[in-house]
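Numbers for residues simply follow the sequence, beginning at 1.
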Amino acid sequence: MIHPELYNDIVLTFSEFLTEERLNINQIRFVRLLVDYISRNGNIEDRKVLQDEPFRSVGSIVTLFKDDMETAKKIMDVVEEIKNNSVVTA
């Protein structure tokens, strides 16, 4: 179940990536999948989940961002920040 308030907070956290026009459709889809996953699960405990569905259907982050690994790193930094904050507030 997605918690609406949490979902909105997560969308705001990733808004830098969702509102800029530099990402292609598959990259945006990947970020939206991250938002959905984190909204349902609180955070990403183990990055191995990014190799499973639904992420696998869009491609790995390395493949999706092969020409822009700096953005991929920023996205994963946000994922890590959310994880760290969830541990602090839990």
Side-chain angles (χ1 to χ4, degrees):
M1 177 177 155
I2 294 179
H3 303 283
E5 190 173 302
L6 178 60
Y7 181 81
N8 290 336
D9 290 345
I10 302 298
V11 168
L12 284 173
T13 304
F14 283 97
S15 65
E16 168 190 352
F17 308 106
L18 295 171
T19 58
E20 292 182 7
E21 295 183 10
R22 66 180 178 182
L23 299 184
N24 68 39
I25 191 75
N26 287 326
Q27 292 167 331
I28 291 170
R29 186 168 171 225
F30 182 84
V31 173
R32 287 185 177 153
L33 287 171
L34 285 173
V35 169
D36 289 345
Y37 185 92
I38 293 169
S39 296
R40 284 189 170 95
N41 298 286
N43 66 56
I44 295 178
E45 286 290 331
D46 187 342
R47 291 184 182 186
K48 288 181 183 179
V49 300
L50 301 178
Q51 299 169 10
D52 298 331
E53 291 300 336
F55 300 101
R56 183 180 12 205
S57 63
V58 246
S60 75
I61 191 167
V62 174
T63 303
L64 290 170
F65 292 90
K66 68 178 184 251
D67 297 325
D68 189 6
M69 290 307 292
E70 184 177 329
T71 297
K73 183 184 177 330
K74 287 180 183 177
I75 290 169
M76 294 315 297
D77 287 347
V78 170
V79 168
E80 192 65 25
E81 181 181 329
I82 291 168
K83 179 180 174 183
N84 292 339
N85 288 340
S86 72
V87 171
V88 170
T89 59

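- Side-chain N or O atoms of Gln51 include none that pairs as donor or acceptor with a backbone N or O of Arg56 at under 3.5 Å.
- Rounded to the nearest 0.5 Å, atoms OG (Ser39) and CG (Asp9) are 9.0 Å apart.
- A single hydrophobic cluster is not seen to contain both Leu18 and Leu12; linkage of ILVMFWY side chains at heavy-atom distances under 4.5 Å, directly or through other members, places them apart.
- At least one donor-acceptor pair closer than 3.5 Å links the side chain of Thr19 to the backbone N or O of Ser15.
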(message) Before you tell me yes or no, could you show the steps for Leu34 and Ile44 under side chain to side chain contact (heavy atoms under 4.5 Å, CB included), namely the whole-Å CA-CA distance, both residues' side-chain angles and the distance that decides it to 0.1 Å?
(response) CA-CA 9 Å; Leu34 285 173; Ile44 295 178; 3.5 Å; yes
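- With contacts defined as side-chain heavy-atom distances shorter than 4.5 Å, the pair Glu70/Asp68 qualifies.
- The backbone N or O of Asn43 sits nowhere less than 3.5 Å from a side-chain atom of Lys83 that would complete a donor-acceptor pair.
- Listed by first then second residue, pairs satisfying ring pair (Phe, Tyr, Trp, His ring centres under 6.0 Å) with a partner in residues 9-57 read Phe30-Phe55, Tyr37-Phe55, not counting sequence neighbours.
- Put simply, OG1 on Thr71 and CG on Leu23 are 6.5 Å apart, with the number rounded to the nearest 0.5 Å.
- Within the 4.5 Å cutoff, the side chain of Met76 has heavy atoms near those of the Leu50 side chain.
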(message) Applying side chain to side chain contact (heavy atoms under 4.5 Å, CB included) to Lys74 and Glu16, what does each step give before you reach the verdict?
(response) CA-CA 10 Å; Lys74 287 180 183 177; Glu16 168 190 352; 4.2 Å; yes
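- Using a 4.5 Å heavy-atom threshold, the side chains of Ile28 and Arg32 count as touching.
- Note that CD of Gln27 is 11.0 Å distant from OG1 of Thr63, once rounded to the nearest 0.5 Å.
- Contact between Leu64 and Val58 at its shortest, heavy atoms only, is CD2-O, 3.3 Å.
- A salt bridge is absent between Glu80 and Lys73; no separation between the charged side-chain nitrogens and carboxylate oxygens falls under 4.0 Å.
- Under a hydrophobic-cluster definition in which Ile, Leu, Val, Met, Phe, Trp and Tyr are linked whenever side-chain heavy atoms come within less than 4.5 Å, directly or via other members, Val11 and Ile25 are assigned to different clusters.
- Smallest separation of non-hydrogen atoms from Asn24 and Asn26: OD1-N, 3.0 Å.
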(request) Any chance you could lay out the side chain to side chain contact (heavy atoms under 4.5 Å, CB included) test for Ile38 and Tyr7, step after step, and finish with the verdict? (result) CA-CA 8 Å; Ile38 293 169; Tyr7 181 81; over 6 Å; no
